[in-house]
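In this chain, residues are counted from 1 in sequence order.
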Amino acid sequence: MTHNITLIPGDGIGPEVVEAAVRVVEATGVRVDWDRHDAGAEVYTRYGTTVPDEVFTSLLRNRVGIKGPITTPVGTGFASANVLMRQRLQLYANVRPVKTLPGIQTPFPNVDLIVVRENSEGMYSGLEHQVVPGVVESLKVVTEKGSTRIAQYAFELARRLGRQRVTAVHKANIMKLSDGLFLDCFRKVARQYSDIQADELIIDNTCMQLVMRPERFDVMVMENLYGDIVSDLCAGLIGGLGLTASVNVGESCSLYEAVHGSAPDIAGQNKANPIALIQCAAMMLRDLRETDAADRVEKAVHTVLREGKTLTPDLGGSATTSEITDAIIAAM
């Protein structure tokens, strides 16, 4: 069987780490027809949009895609291409597994959790305006449909993966209507899954608990902005964004992406760590039911990290992007 997969190289180091992931997938022997399309800052200068229509057409046709990081200006400039794709394709769930990796020294040896982030509303709705000069208003939109949908996804994911507990993260003690609605929907959904423990935790307490006892968490579900922050915090528990995979899931398609930045300062220098995107590729292969190939990729990554001989600078080594990719392929 040949899998048709949309491939989006992205900006900065994106093309380098994407190429590394492609090489690893092809080394598994899984047959893939890569449907390449450009999106990002450079595309914006040519077409006036960061995501041309052909990208959406490809993703809807293939139903699966993998992308490199895309630059988003801070404070000014064009809107986030990532948010645009999530909203237009209704990729309502962002899923980020976070698990301690061999060979990576951190204070937390037993992290094994999944952050499920509502991906289509909340503070990321982009509804903001200037009331008067010096006063800006941003609207946080929370709906019963969106909250129920993400809670159901979290419980179904927990059941499918044999997880024991789902924790709703919120600030309903202060935002009693918006977060209150989210929490009420979570409670209603939880009653349908008596085989899975459900609990609730306020967002600030969650952050404290994560840096004290991360092993207490299993599956965590939360609104968009909280998920954006907490998922990066969790990545830090296992060594950073360069090691963490992510997927955006909707009814129409799934888009796998590295969650780190485009790192323009090292773009084109063969220095970038490709492991996050290679982990995304393994996650994608598993979801495509190429289980043996996914296992081989993950075990090879673990072998290279455990041996510690071929690591990129961010991991304390001096290997290039190409060299660590070669080492992972050799370990397969």
Side-chain angles (χ1 to χ4, degrees), residues 83 86-87 90-99 108 110-125 138-238 244-251 259:
V83 173
R86 292 167 192 169
Q87 290 182 338
Q90 276 296 291
L91 303 175
Y92 65 88
N94 176 266
V95 183
R96 196 185 301 188
V98 180
K99 187 173 182 178
F108 307 103
N110 299 309
V111 179
D112 185 7
L113 58 86
I114 302 174
V115 178
V116 178
R117 164 188 171 189
E118 204 293 317
N119 219 16
S120 64
E121 51 186 39
M123 289 298 295
Y124 275 61
S125 301
S138 293
L139 301 180
K140 174 177 176 175
V141 177
V142 177
T143 69
E144 181 179 10
K145 176 183 176 181
S147 300
T148 300
R149 182 172 60 181
I150 197 65
Q152 289 174 333
Y153 184 91
F155 278 99
E156 285 295 328
L157 180 69
R159 179 176 283 174
R160 176 162 56 88
L161 298 180
R163 297 280 180 158
Q164 303 300 311
R165 184 171 66 257
V166 177
T167 301
V169 179
H170 64 92
K171 193 66 177 174
N173 56 325
I174 302 299
M175 286 173 274
K176 298 181 185 296
L177 292 180
S178 57
D179 285 33
L181 175 59
F182 178 86
L183 194 54
D184 183 58
C185 293
F186 172 82
R187 291 168 177 168
K188 289 177 180 177
V189 171
R191 289 196 285 269
Q192 304 170 23
Y193 295 86
S194 58
D195 55 318
I196 299 173
Q197 181 183 345
D199 58 10
E200 307 162 5
L201 204 60
I202 295 173
I203 178 63
D204 41 327
N205 188 18
T206 299
C207 292
M208 181 183 71
Q209 296 295 333
L210 278 167
V211 298
M212 294 178 66
R213 292 179 290 274
E215 67 278 0
R216 66 161 288 183
F217 294 98
D218 198 349
V219 175
M220 308 166 69
V221 62
M222 62 201 74
E223 296 172 28
N224 209 331
L225 181 59
Y226 305 151
D228 191 16
I229 297 168
V230 167
S231 58
D232 277 18
L233 186 158
C234 291
L237 300 177
I238 66 164
T244 312
S246 174
V247 61
N248 299 293
V249 180
E251 295 178 1
V259 292

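- Using a 4.5 Å heavy-atom cutoff, the side chains of F217 and L201 are in contact.
- The environment of K99 atom NZ is sparse: at most 12 non-hydrogen atoms of other residues, nucleotides or ligands sit within 6.0 angstrom.
- Side-chain atoms of T148 and K188, non-hydrogen and from C-beta on, never get closer than 4.5 Å to each other.
- Around atom CD of E156, more than 12 heavy atoms belonging to other residues, nucleotides or ligands sit under 6.0 Å away.
- Scored by the side-chain contact (heavy atoms from CB on, under 4.5 Å) test, S138 finds M123, E128 as partners (sequence neighbours excluded).
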Pairs under 3.5 angstrom only: tabulate donor-acceptor contacts from the side chains of residues 228-238 to other protein residues two or more places apart or in another chain.
unit_1	atom_1	unit_2	atom_2	d
D228	OD2	Y124	OH	2.0
S231	OG	R96	NH2	3.2
S231	OG	G227	O	2.6
S231	OG	D228	O	3.3
D232	OD1	R96	NH1	3.0
D232	OD1	R96	NH2	3.4

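- Within a 6.0 Å sphere centred on CD of Q192, other residues, nucleotides and ligands contribute more than 12 heavy atoms.
- In this structure, Q209 places its CD atom where more than 12 heavy-atom neighbours from other residues, nucleotides or ligands lie under 6.0 Å away.
- Between I114 and L161 the shortest side-chain heavy-atom distance falls below 4.5 Å.
- Looking at I202 and H170, their side chains come closer than 4.5 Å, going by heavy atoms from C-beta outward.
- At distances below 3.5 Å, not a single donor-acceptor pair connects side-chain atoms of E121 with backbone N or O atoms of N119.
- Contact of the Y226 side chain with the D179 side chain is registered, since non-hydrogen atoms from C-beta on lie closer than 4.5 Å.
- Using a cutoff of 4.0 Å between basic side-chain nitrogens and carboxylate oxygens, E223 and K171 are not scored as salt-bridged.
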